[in-house]
Q: 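One structure, pasted below without further comment.
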Amino acid sequence: MASHQLVDIRNGRIAKAVSARSLGLNPYPSRSRRTHYVQAILDQFASLEGQTVTVAGRLMSWRKQGALAFAHVQDQTGKLQLFLRRNGVQPTDAKDGSLGYAETHLLDLGDIIEATGQVMRTDRGEISVMVSQLRLLTKAIRPLPDQWSGLKDREQVLRKRYLDTILEPSSFDRYAVVCKMVAAIRSFLNGRGFLEFQTPVLQPQYGGGTAKPFKTHVNALGCEMYLAISHELYLKRLIVGGYDKVYTIGRYFRNEGIDRSHHPEFSMVETMTAYENYEYNMDLIEAMFRHVAVSVFGKTEFTVRGHVIDFGMPWRRVSMSEAVREKIGADFRACQTLDEANALLSAAGIHEPQPSIGEALVKAFEVFVEKELIQPTLVHGHPIEISPLAKPLPDDPRFVERFEIFIAGMECGDNWSEQNDPVQLLATWRKAYRADERDAGTFHTLDFDFIEAMEYGMPPTTGIGPGIERMVMIFTGQENIDDVIFFPLMRPAISPLNAEVYGIQDPVVAPVEDLALSFEEFESLCKEGLLKPHSHHLTAKPHVRVWSVAPAPGGSRASGHIEIEGFLANSVLRLAGYKIQSAEVLSEADAKKRILELLEQSLARFFRDTFPEHRLTVAPATVLQAA
RNA sequence: GGGUCGGUAGCUCAGUGGUAGAGCAGUGGCCUUUUAAGCCAUUGGUCGUGGGUUCGAUCCCCACCCGACCCA
């Protein structure tokens, strides 16, 4: 087996940790004696010059020059140079953990170290610490990526973001900004008298939105539950319970697509305010964005996708119908029938008939208007068909008291006056439920416990729910949601390298489940049209197991299965349970030959007949060990 | 879902139908003010996986896996 160099490097570094121990030094002590962060030393050099300080962080460079050495240590505030003289550094001493100059060969880039010494400036003018004592705080046994090129491989950046934040200050800062923004949102809402509640992520129904849920099982209760697609219905229960201003900053799970702006697991701040309507929220959301902009960034103008956006100005407010009319001249408010609405759509070039007038309006809005909304815009007056939880407008019940926020063409929040008439709400839900049955692609469920809570009376209520990630993307100028989520969802994997390092035999994590069928099941499913090949080129791999142990009655047997690659989108189709039997004892070669004949007779012919446009390649048979 | 591009040493990247390359990192030396230090020597590879074509494939063909970008 070829050994990887990483294994050698890792072993070498482990050996250095062992060497440190043999000198009486613990390569993993429990704490440091840091007195200053790096940035503080750089900022306060004038007053600190000549003072003794202790810094701690990751060793990022090492330039040894005989009896001198220069290094850089990086902590969460920045990088600082260390200046070491052979005779100026305290020799190795087990009592206080000092690592002497003679033992600095035990250090590697990436190690966590601590250095004590006087603040000074080198001849070249760089602020440094003249090291009098050096300690190893953590031996790193893996090498960092090349620090000048950084980590470029996008997959590695996503899987190991912690390496990116070590090497790329802009990434490090960006994630810190995410945290500060969340804190700013909290302080903003807390300052306005809101109470932050924790609402359940495990929910028996997945109400409060239209999205495919993640399903899970609660062992203790023996029932299925869903991960929250929304926390709204729980915030409303809190309002029923008597709290007038509540919010949650929570995790939302939607089992749908992943792309630049969608992630299955994301964060939202969701508020509920009693005794107010959606107009209150228009003011609230504007003020929130302004507060975050000023308190985190100290400005109100941001460049988003090449547009300068000013959060300090009053936001434009326009109804959805009016926005569509302005753009394409079609006024859906005038439509009396669905046919008229679909005709308007068709005239505008959209030939996908919608199931209701409201949905036709939304379609037109999504296609023609949404992307054009660059400056912060509050679009209100959504059709009731897509807003089962919002209150109808008093003067036009086809529309509801709701608004969405659009910035730089992106939807950044959804807000409405909550429907609190339990009879109306239930009726709307039932209607939406029938729509669901019409279209299996949408999901609604009825939460009767919630309806019951409504029946005790929920005061007039309104809520906002801007997505945190989208907000962060806007404020930090990122166009990819993976660059604002530190741990984006990835298919789990163990690299071949790690398999070797950790001695893992079968480095498959969370394998896609194989579909295993008998020939007969397979053929009948194909004939019924329930199974179809995913790609045009398929590979069949027979696996044969020969049972020639002992002179069993009837000679030896061979059994096995066939794996077909390309038939299923992400996994292997396994056809199990075919057998051959022979009076004489079979050799491996004979068994293979017989199996291939069997394949030719049954499977290959079946494929030619059933899927003539697909090509099936039969790979040489693999012989499995007889158990 | 459709299209395009990519996967070669720990990292960043060249390259070729015939023994696999560089820089950095690593290892061993030299070096008292360096700044991606320098100099000398040197280790290190399932060329994403599986098939096919071929005397021979990392390279050509097919499929699959992983990822990126664009489009819907």
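A note on names: the letters A, B, ... follow the listed sequences, proteins ahead of strands, and every chain is numbered from 1. Computed over heavy atoms, backbone and side chain alike; hydrogens, waters and symmetry mates excluded.
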Q: If you measure from the C1' atom in B:C71 to the same atom in B:A63, how many Å do you get, rounded?
A: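 The same atom, C1', in both gives a distance of 25 Å.
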Q: At 4.0 Å (heavy atoms only), tell me whether A:Gly150 reaches a base, stays on the sugar-phosphate, or touches nothing.
A: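 Answer is sugar-phosphate: A:Gly150 comes under 4.0 Å of backbone atoms only.
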Q: For B:U54 versus B:G18, give the span between their C1' atoms, rounded off to a whole number of Å.
A: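 Nearest-Å result for B:U54 against B:G18 at atom C1': 12 Å.
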Q: Please tell me whether A:Ser356 and A:Glu359 have a donor and an acceptor in their side chains that are separated by less than 3.5 angstrom.
A: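 Distance-only check passes for A:Ser356 and A:Glu359.
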Q: Report, as a single string ordered 5' to 3', how protein heavy atoms within less than 4.0 Å touch nucleotides 67-72 of chain B: B base, S sugar-phosphate only, - not at all.
A: SSSS--
Q: Please classify the nucleic acid contact of A:Glu126 as base, sugar-phosphate, or nothing, using heavy-atom distances under 4.0 Å.
A: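 Base contact - A:Glu126 has a heavy atom under 4.0 Å of at least one base atom.
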Q: Rounding to an integer number of angstrom, what distance separates B:G15 and B:A20 when you compare their C1' atoms?
A: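 Rounded to whole Å, the distance is 9 Å.
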Q: For RNA chain B, what residues of residues 40-59 of chain A have any heavy atom nearer than 4.0 Å?
A: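 None, since no heavy atom is under 4.0 Å.
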Q: Show the nearest heavy-atom pair for residues A:Ile328 and A:Ala364, with the distance to one decimal.
A: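 In terms of heavy atoms, the two residues are closest at CD1-CB, 4.4 Å.
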Q: Give me the distance, rounded to whole Å, that separates B:C39 from B:U58 when you measure between the C1' atoms they each carry.
A: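 Nearest-Å result for B:C39 against B:U58 at atom C1': 35 Å.
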Q: Rounded to whole angstrom, note down the C1' distance from B:U16 over to B:G56.
A: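 It comes out at 14 Å once rounded to the nearest Å.
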Q: Taking the C1' atom in each of B:U33 and B:G29, what is the distance between them to the nearest angstrom?
A: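 It comes out at 22 Å once rounded to the nearest Å.
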Q: Going by salt bridge (Lys or Arg N to Asp or Glu O under 4.0 Å), name the residues that satisfy it together with A:Glu49, two or more places apart in sequence or in a different chain.
A: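 Partners of A:Glu49 under the salt bridge (Lys or Arg N to Asp or Glu O under 4.0 Å) test: none.
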Q: Compare side-chain N and O positions of A:His4 against OP1 and OP2 of B:U46 and report whether any pair is under 4.0 Å apart.
A: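 Yes, because at least one side-chain N or O of A:His4 sits under 4.0 Å from OP1 or OP2 of B:U46.
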Q: Please give me the minimum heavy-atom distance between A:Val131 and A:Ala115, naming the atom from each residue.
A: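 Here A:Val131 and A:Ala115 meet closest at CG2-CB, 4.0 Å.
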Q: Working note: A:Met60 + A:Ile166, criterion side-chain contact (heavy atoms from CB on, under 4.5 Å); need CA distance, chi angles, decisive distance, verdict.
A: CA-CA 10 Å; A:Met60 295 303 285; A:Ile166 290 171; 3.9 Å; yes
Q: Residues of residues 80-90 of chain A with any non-hydrogen atom less than 4.0 angstrom from an atom of RNA chain B: list those, numerically ordered, please.
A: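 Heavy-atom cutoff 4.0 Å gives A:Gln81, A:Phe83, A:Arg85, A:Asn87.
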Q: Taking only the P atom of each, what is the distance from B:C61 to B:C24 in whole angstrom?
A: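 Roughly 35 Å separates the two P atoms.
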Q: List in chain and number order the residues that pass ring-ring contact (aromatic ring centres under 6.0 Å, His included) with A:Phe406, two or more places apart in sequence or in another chain; answer none if no residue qualifies.
A: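 ring-ring contact (aromatic ring centres under 6.0 Å, His included) list for A:Phe406, sorted by chain: A:Phe365.
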Q: Could you check whether A:Arg121 makes a cation-pi contact with A:Phe45, meaning its NZ or CZ is under 6.0 Å from the centre of the six-membered ring and within 45° of the ring axis?
A: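 Checked: cation-pi criterion met.
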Q: Which nucleotide in the set B:U35, B:U32, B:U12 lies at the smallest distance from any side-chain heavy atom of A:Leu68?
A: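 Shortest atom-to-atom distance from the side chain points to B:U32.
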Q: At under 4.0 Å, does any side-chain N or O of A:Arg63 touch on OP1 or OP2 of B:U34?
A: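 Checking A:Arg63 against B:U34: no side-chain N or O falls below 4.0 Å of OP1 or OP2.
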Q: Whole angstroms only, please: what is the NZ-P distance between A:Lys79 and B:A36?
A: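 From A:Lys79 NZ to B:A36 P: 10 Å.
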Q: For A:Ile474 and A:Met471: C-alpha separation, side-chain torsions, deciding distance, then whether side-chain contact (heavy atoms from CB on, under 4.5 Å) applies.
A: CA-CA 5 Å; A:Ile474 285 168; A:Met471 206 165 163; 5.9 Å; no
Q: Minimum heavy-atom separation for A:Arg161 to A:Leu158, with atom names?
A: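 Looking at all heavy atoms of both residues, the shortest contact is NH2-CD2, 3.7 Å.
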Q: Given the C1' atoms of B:A72 and B:A14, what is the spacing between them in whole Å?
A: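 Pairwise C1' distance, B:A72 against B:A14, rounds to 37 Å.
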Q: In terms of relative ring orientation, are A:Phe70 and A:Phe83 parallel, tilted or perpendicular, with 30° and 60° separating the classes?
A: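 If you compare the ring of A:Phe70 with that of A:Phe83, the planes turn out parallel.
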Q: Encode nucleotides 24-31 of chain B as B, S and - characters from 5' to 3', where the letter depends on protein heavy atoms closer than 4.0 Å: B to the base, S only to sugar-phosphate, - to neither.
A: BB-S---B
Q: Pair A:Phe266, A:Val484 - check side-chain contact (heavy atoms from CB on, under 4.5 Å), show working.
A: CA-CA 10 Å; A:Phe266 62 100; A:Val484 301; over 6 Å; no
